[in-house]
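Sequence lines set the chain letters: A, B, ... in the order given, protein chains first and strands last, and positions in each chain run from 1. Here the structure is a predicted model, which means the values were calculated and not measured.
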2 protein chains.
Amino acid sequence: MGKYHHGDVRNVLLEKAETILTKEGPTGLSLRRLARMTGVSEAAPYRHFDGKDGILAAVAIAAFERFADQLEAVADTIANHEERIMKLGAAYVGFAVEHPQHFRLIFGRERPPLDQYPELREAADNAFDVLQRAVTSVDRKANMTLTEAATAYNRALAAWSRAHGIAMLVIDGMIVPPADQDLGSFVLGLLEEDLNAPLNA
Amino acid sequence: MGKYHHGDVRNVLLEKAETILTKEGPTGLSLRRLARMTGVSEAAPYRHFDGKDGILAAVAIAAFERFADQLEAVADTIANHEERIMKLGAAYVGFAVEHPQHFRLIFGRERPPLDQYPELREAADNAFDVLQRAVTSVDRKANMTLTEAATAYNRALAAWSRAHGIAMLVIDGMIVPPADQDLGSFVLGLLEEDLNAPLNA
DNA sequence: GCTTTAATGTTAACAAAGTTAACATAAGAA
DNA sequence: TTCTTATGTTAACTTTGTTAACATTAAAGC
């Protein structure tokens, strides 16, 4: 007389997985525990997901999508090129700080291999496309020379890696943002820092 | 008649752990497998290390030291301030690319908590001191105003996070360095990229 | 030299996790 | 209604981290 077919196990599992991940990270997410917490047998998740990686992939896809949406929302509202790059970087770090576990999931090594989950690869590519478009969009509509295009691409990489480095080091606790300052402006300050300028600017 | 006391189990374990880590990363390092490969009982490692975290900590400490040495070697040979910062960044990324698993270990979440391993914390702090000194050393010997000192500090953070971001994205395969170019000059290019400069420089 | 003690090994057990196989039941198609 | 498929369940198997109980060796104290 077991409650076979509750109807929505897959979604419930996903939501609970989401909750656990937020609190304890990918390592703390155990399939068995997840199943118990969902009130379903310990093997049930295997009917809906391709094992643990399958669930992680599903969560990662959702995370990538939210990430991309958040970046796009910022990028779309800012017309000025330089300002857009900077604010985008701040938003990038902002997402990492607000959702450190999700950020770690989509960039860390517990992320399932992109090759094995085409939708995951798609979600990842889409997020990076948003970034790249935002960084190079203004230049794209002008007719660029080959070297200009190359520079634009490199600049996107540079902007991306700067934001990424700050994000990683901050959520790792290696860089501690000053308490008396807004996180966004702190990040902007770091992004704009010119390593070659004289100290007494 | 068992071969009790082979004499050097601790070091052999560490070396084998090192080997496994290089090939398979922290996740692939299983204590039991390590013990078997070392030809010792599966509980033996616990006599020499504080469980799995203990071994990871030991390996991480060694990794931090090599990392710091490598950075210091570069920093010490370059007198020019700007050049030193840049080459240091390239060395930072170089280490990550040469030893991705070690880099991941010392920066990822499988690194044992610094609080629980004072020597690990020390090794980490030392590595970052090397970085910070190299980035701010020239300025340090001048008598700086408070704001100059703050700028110097921020600049160190900016340099660090830039290198870190490139390193992370490269070893994650999200940024693929061009095959026709030396990795070092690729990194230097990214580090020097001025996001605000016009495209046709 | 002999005895005691601490260090170092060993085996055996436990719990937790990922995964799969074998079986049960419900829902929908034929 | 019957057959097939999707979805659940239980029970097993393997691996892993860890600890307890016991064995042996080396070193220290007498």
Side-chain angles (χ1 to χ4, degrees), chain A residues 1-21 23-60 101 105 108-113 116-117 120, chain B residues 1-21 23-60 101 105 108-113 116-117 120:
Chain A
M1 211 257 110
K3 284 203 317 197
Y4 269 61
H5 285 85
H6 339 167
D8 201 26
V9 181
R10 198 195 132 100
N11 281 333
V12 180
L13 282 174
L14 255 188
E15 282 169 29
K16 278 252 193 304
E18 185 75 39
T19 308
I20 297 179
L21 180 98
K23 278 191 282 201
E24 316 182 29
T27 321
L29 199 165
S30 132
L31 277 200
R32 298 184 95 119
R33 198 152 69 89
L34 171 62
R36 283 189 302 256
M37 289 173 68
T38 310
V40 86
S41 90
E42 296 184 334
Y46 289 86
R47 295 292 173 196
H48 300 277
F49 298 95
D50 178 18
K52 184 166 189 177
D53 268 7
I55 290 197
L56 286 181
V59 177
Q101 306 289 16
L105 173 61
R109 70 248 108 311
E110 46 263 290
R111 180 194 59 207
Q116 277 170 45
Y117 296 90
L120 181 56
Chain B
M1 204 247 109
K3 283 203 314 195
Y4 269 59
H5 286 86
H6 340 167
D8 200 27
V9 180
R10 199 194 131 100
N11 281 334
V12 179
L13 282 174
L14 256 188
E15 282 170 27
K16 278 253 194 303
E18 185 74 43
T19 308
I20 297 179
L21 180 99
K23 277 191 282 201
E24 315 182 28
T27 319
L29 199 164
S30 132
L31 277 201
R32 300 183 94 119
R33 198 152 69 90
L34 172 61
R36 283 188 302 253
M37 288 173 69
T38 311
V40 86
S41 91
E42 295 185 335
Y46 289 86
R47 295 294 173 193
H48 300 277
F49 297 95
D50 179 18
K52 185 168 189 176
D53 268 7
I55 291 198
L56 286 181
V59 177
Q101 305 288 16
L105 172 61
R109 68 249 109 305
E110 46 263 289
R111 180 194 60 207
Q116 276 170 44
Y117 297 88
L120 181 57

* A:R47 side chain N/O closer than 4.0 Å to the phosphate oxygens (OP1, OP2) of C:dT19? -> no

* Would you kindly give the CD-to-P distance between B:E42 and C:dA15, to the nearest whole Å? => 18 Å

* Could you check whether B:L34 gets within reach of a base, just the sugar-phosphate, or nothing at all, counting any heavy atom under 4.0 Å? => nothing

* Structure fact -> Of B:A43 and A:K52, the one whose nearest nucleotide on DNA chain C sits closer to the 5' end is B:A43

* Asked: Contact class for A:R36 vs. all strands (heavy atom < 4.0 Å): base, sugar-phosphate, or nothing?
  -> sugar-phosphate

* Asked: In whole angstrom, what separates A:Y46's OH from C:dT19's C1'?
  -> 5 Å

* **Candidate nucleotides D:dT16, D:dG17, C:dT11, ranked by approach to the side chain of B:S41 - the nearest** => C:dT11

* Asked: At under 4.0 Å between heavy atoms, what does A:S30 touch on the DNA or RNA strands: base, sugar-phosphate, or nothing?
  -> sugar-phosphate

* Structure fact -> Rounding to 0.5 Å, atoms NZ (A:K16) and CG (A:L29) come to a distance of 12.5 Å

* **Phosphate contact (C:dA7 OP1 or OP2) by B:H48 side-chain N/O below 4.0 Å** => no

* Whole angstrom is fine here: how far is it from CG in A:D8 over to C1' in D:dT7? => 13 Å

* Mind checking B:L29 for me? I need base, sugar-phosphate or nothing, with any heavy atom below 4.0 Å counting as a touch. => sugar-phosphate

